[in-house]
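Reading through the structure tokens given below for one structure.
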Amino acid sequence: MWSPDPLKTTRRAALFGAAALLAGCGFAPAYGTRGAGSHLLNRIRYQVPNTALGYRLRQSLRDSLGEGTDMVLDVNVTTGVLTSAETRSGEILRYTLPGTATFTLRDSAGGTITSGSVDAFTGYSASASIRAVETAQIDAEDRLARLLAERIITQLLVAAPAR
């Protein structure tokens, strides 16, 4: 004789309850027609450092939010390179690439909408050939740019008014 699994029944009830609560509180997806993301999509011009990392950061932001002229996002980035693993003889095996991005979103009149700072880090191996290490560093910078962009976008979505 078949009997329902009480754990599955409890999970279903919790999921339906959570969905009902979200619907009742006015939840709207960030990129939905009334979400905070719709206020930002295709409306931002980016001012980033004139560096390879700045270029990658702009591309990541543009890929997610599009580009426009209604607002300006000014971003400054600081990075460094730290040794994170080395042998007893002093040979470096791994580097860590930390980064901080401070940003300010302004409207077309120059008034500040929001500002903040985000941090991220990534790493790369230094135990291969010089060319491989250079390629790994470039890849790590690309990952760092994407991480910083994602965190900036999250902060902008939190601060943006829903429509």
Side-chain angles (χ1 to χ4, degrees), residues 11 14-85 94-126 128 131-163:
R11 278 192 217 145
L15 286 173
F16 285 125
L21 284 173
L22 288 175
C25 74
F27 170 78
Y31 292 107
T33 55
R34 294 182 352 210
S38 65
H39 179 70
L40 300 171
L41 288 175
N42 300 315
R43 298 185 65 201
I44 301 174
R45 183 169 47 95
Y46 307 101
Q47 292 183 342
V48 297
N50 191 21
T51 62
L53 183 64
Y55 174 81
R56 291 181 184 110
L57 181 63
R58 179 193 318 252
Q59 288 302 109
S60 294
L61 291 165
R62 189 183 294 160
D63 288 348
S64 294
L65 296 176
E67 190 165 16
T69 58
D70 297 340
M71 297 177 267
V72 176
L73 181 63
D74 185 23
V75 183
N76 292 308
V77 180
T78 57
T79 61
V81 177
L82 304 172
T83 302
S84 57
R94 187 155 185 83
Y95 292 103
T96 298
L97 184 64
T100 300
T102 56
F103 63 92
T104 303
L105 181 65
R106 293 185 178 87
D107 59 22
S108 57
T112 299
I113 297 171
T114 189
S115 62
S117 178
V118 295
D119 297 310
F121 72 92
T122 187
Y124 60 96
S125 177
R131 182 67 181 143
V133 172
E134 289 173 354
T135 302
Q137 181 180 8
I138 291 168
D139 183 60
E141 289 174 354
D142 187 47
R143 289 192 316 270
L144 180 63
R146 282 186 272 128
L147 286 168
L148 291 171
E150 288 172 4
R151 292 177 181 180
I152 289 170
I153 291 167
T154 299
Q155 294 296 316
L156 294 176
L157 289 172
V158 168
R163 288 186 170 182

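The first residue of the sequence shown is numbered 1, and numbering continues consecutively from there.
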Closest heavy-atom contact between [X] and [Y]?
{"X": "I113", "Y": "R106", "value": "CD1-C, 3.9 Å"}
{"X": "A126", "Y": "Y95", "value": "CB-CE1, 3.4 Å"}
{"X": "L40", "Y": "L157", "value": "CD1-CD2, 4.0 Å"}
{"X": "R143", "Y": "T122", "value": "NH2-OG1, 2.8 Å"}
{"X": "R45", "Y": "V72", "value": "NH2-CG2, 3.1 Å"}
{"X": "G80", "Y": "L97", "value": "O-CD1, 3.0 Å"}

Measure the [atom1]-[atom2] distance between [X] and [Y] for me, rounded to the nearest 0.5 Å.
{"X": "I138", "Y": "L53", "atom1": "CD1", "atom2": "CG", "value": "12.0 Å"}
{"X": "R58", "Y": "Q47", "atom1": "CZ", "atom2": "CD", "value": "8.5 Å"}
{"X": "T78", "Y": "D119", "atom1": "OG1", "atom2": "CG", "value": "8.0 Å"}
{"X": "L156", "Y": "L61", "atom1": "CG", "atom2": "CG", "value": "8.0 Å"}
{"X": "N76", "Y": "T100", "atom1": "CG", "atom2": "OG1", "value": "11.5 Å"}
{"X": "L65", "Y": "I153", "atom1": "CG", "atom2": "CD1", "value": "4.5 Å"}

Self-check item: Set of side-chain hydrogen bond (donor to acceptor under 3.5 Å, both in side chains) partners for T96, sequence neighbours left out
Solution: S84

So [Y] and [X], do their side chains get closer than 4.5 Å, heavy atoms only?
{"X": "L73", "Y": "F103", "value": "yes"}
{"X": "R62", "Y": "Y46", "value": "yes"}
{"X": "Q155", "Y": "T114", "value": "no"}
{"X": "V77", "Y": "V48", "value": "no"}

Quiz item: Looking at R56, Q59, Q137, which one forms a side-chain contact (heavy atoms from CB on, under 4.5 Å) with D142?
Solution: R56

Self-check item: ring pair (Phe, Tyr, Trp, His ring centres under 6.0 Å) against F121, all qualifying residues, sequence neighbours excluded
Solution: none

Exercise. Check whether any side-chain N or O of R146 sits under 3.5 Å from a backbone N or O of S60 as a donor-acceptor pair, and report yes or no.
Key: no

Quiz item: D70 and S108: side-chain hydrogen bond (donor to acceptor under 3.5 Å, both in side chains), yes or no, with the steps?
Solution: CA-CA 5 Å; D70 297 340; S108 57; over 6 Å; no

Exercise. Mind running side-chain contact (heavy atoms from CB on, under 4.5 Å) on D139 and T135 for me, showing each step along the way?
Key: CA-CA 6 Å; D139 183 60; T135 302; 5.7 Å; no

